[in-house]
Amino acid sequence: MPAAGEGQIDCHILAGRIHQTVSSAYPLKIISPTATRCTLEDGTRTPLVPAVSYILSYGGGIVHGDQIRVRVRVATQCALLLLTQGSTKVYRTRGVPKSCLPNLSPTLDANQTYQTMEITVDDGALLCLLPDPVTCFKGAKYNQRQWVKMHKRGSLVLLDWMTSGRMSRGERWAFDKYMSVNCVSVKDADVDADKGRLAVRDALLLESPECGPRLESLDAFAYLLILGPHVAHVADTFRSDHKQHRIRPFERIHTSVQWSVSEVAAFGVLGVAVRASSSSTEDLKLWIQSKLSGVCSVVGDSAWSMYCNT
């Protein structure tokens, strides 16, 4: 039985069919609807067998003192989409003493919220981590860490994004702290199997009140990683579109999204890192879905439609 706030997903092929072994404990909940392998327009089947899991929380959000920890493994020939149902809401801090939270690690602050993802992607597998954005309420303190361990022939699509807050209540950049760290290590026979070689590390720290005035014109930030052979065509789309944008920088663009692309090439893993911002959360969401549409040819319509309809 997992501890409070802990969950585990193991996605693998057994007897020619995909299986997910899932466990979770309050306040975390994981559900896994059925996704079917599809036939593409050219008559071939999708190269990988798709699966979908939704990571949820009771009450639609997380509160101070919550310590969410999810471990995920995706085995060879599997394509796993990790989704959420609506934005992850982080409620404001209320000053609860640590003695009231017996399950909280003694090294953590009872007035902050913690969420950790530990992911392993085997050779020939694909993980798509595509949650809705994190929305921090006024006074919230949020810490997120996502660590991916990849084999060299594994593939990854990782989306990490956030909004300025509860805009409908007039809360924009009113949270106390938002910290997110994303790391990708490549498994190598020459190094410790548990650690691998660090290929990507990205960190974002925003603290109130310093960030508010500087970000007044924006309402959403996104960080995207597209790595590995199964999504190389998606990375190429970002490269070509960004090149065209640089060639014609003064051409009017009918979107509020501003974005940049950086190359990733480390220890045999190739891809791109994309950073984007917008004054409209909906514009950014539609832009992300449009740019990632090539993933559908890998996972199929059945799984991809669940992401597009969230």
Side-chain angles (χ1 to χ4, degrees), residues 1-14 18-33 35 48-58 62 65-85 88 90 103-108 112-132 134 142-152 154-160 179-188 191-203 225 227-228 269 303:
M1 184 69 182
E6 291 193 356
Q8 185 167 330
I9 304 170
D10 191 322
C11 184
H12 54 277
I13 301 292
L14 181 63
I18 196 162
H19 289 264
Q20 290 190 74
T21 303
V22 176
S23 62
S24 60
Y26 182 89
L28 179 69
K29 183 177 182 181
I30 300 173
I31 59 175
S32 301
L48 301 178
V49 185
V52 177
S53 283
Y54 287 88
I55 299 176
L56 314 173
S57 60
Y58 289 91
I62 49 182
D66 278 351
Q67 186 180 356
I68 306 298
R69 189 184 190 98
V70 182
R71 294 180 177 88
V72 181
R73 176 179 171 265
V74 189
T76 301
Q77 294 187 315
C78 299
L80 176 62
L81 274 67
L82 289 181
L83 310 175
T84 58
Q85 289 183 326
T88 299
V90 184
N103 294 320
L104 185 68
S105 171
T107 61
L108 301 181
Q112 300 195 36
T113 300
Y114 300 87
Q115 183 158 287
T116 302
M117 297 278 292
E118 297 177 2
I119 299 166
T120 301
V121 183
D122 289 350
D123 278 337
L126 168 65
L127 173 79
C128 297
L129 179 57
L130 298 171
D132 287 287
V134 174
Y142 179 70
N143 299 270
Q144 174 180 277
R145 180 176 176 270
Q146 300 182 138
W147 189 286
V148 182
K149 301 173 185 176
M150 291 178 60
H151 288 263
K152 287 185 177 180
S155 299
L156 172 70
V157 177
L158 183 150
L159 171 61
D160 177 19
M179 184 172 185
S180 178
V181 179
N182 295 291
C183 296
V184 178
S185 62
V186 181
K187 290 197 169 186
D188 195 311
V191 296
D192 189 331
D194 291 331
K195 295 181 180 179
R197 298 181 185 272
L198 184 62
V200 178
R201 186 181 189 276
D202 180 85
L225 266 178
L227 305 175
V269 173

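One is the number of the first residue; the rest follow in order along the sequence. Treat the numbers as computed from the prediction; the structure is a model and nothing was measured.
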Discussion item. Between Lys149 and Glu118, does any NZ, NE, NH1 or NH2 come within less than 4.0 Å of an OD or OE carboxylate oxygen?
Written reply: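 Not counted as a salt bridge, because no side-chain N and carboxylate O are separated by less than 4.0 Å.
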Item to complete: Would you name the heavy atoms of Leu81 and Ala303 that are closest together and state the gap between them?
Response: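 Taking Leu81 first and Ala303 second, the nearest heavy atoms are CD2-O, 3.7 Å.
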Worksheet item: Shortest non-hydrogen contact from Cys78 to Leu48?
Response: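 Minimum heavy-atom contact is O-CD1, 3.9 Å.
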Should [X] and [Y] count as side-chain neighbours, where that means a heavy-atom distance under 4.5 Å?
| X | Y | value |
| --- | --- | --- |
| Pro27 | Ile62 | no |
| Thr76 | Ile13 | no |
| Cys183 | Leu198 | yes |
| Val74 | Leu126 | no |
| Val90 | Gln115 | no |

Worksheet item: Taking the six-membered ring for Trp, are Tyr58 and Tyr26 parallel (under 30°), tilted (30 to 60°) or perpendicular (over 60°)?
Response: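 Rings of Tyr58 and Tyr26: tilted, 30 to 60°.
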Mind checking what makes side-chain contact (heavy atoms from CB on, under 4.5 Å) contact with [X], not counting sequence neighbours?
| X | result |
| --- | --- |
| Val121 | Ile119, Ala125, Leu127, Val148, Met150 |
| Ala3 | Glu6 |
| Ser53 | Ile9, Gln20, Ile30, Ser32, Leu80, Leu82 |

Separation between [atom1] of [X] and [atom2] of [Y], rounded to the nearest 0.5 Å:
| X | Y | atom1 | atom2 | value |
| --- | --- | --- | --- | --- |
| Arg73 | Asp122 | CZ | CG | 4.5 Å |
| Tyr114 | Arg69 | OH | CZ | 13.5 Å |
| Leu28 | Gln8 | CG | CD | 11.5 Å |
| Asp202 | Ser180 | CG | OG | 7.5 Å |
| Ile55 | Leu83 | CD1 | CG | 9.0 Å |
| Ser57 | Gln85 | OG | CD | 10.5 Å |

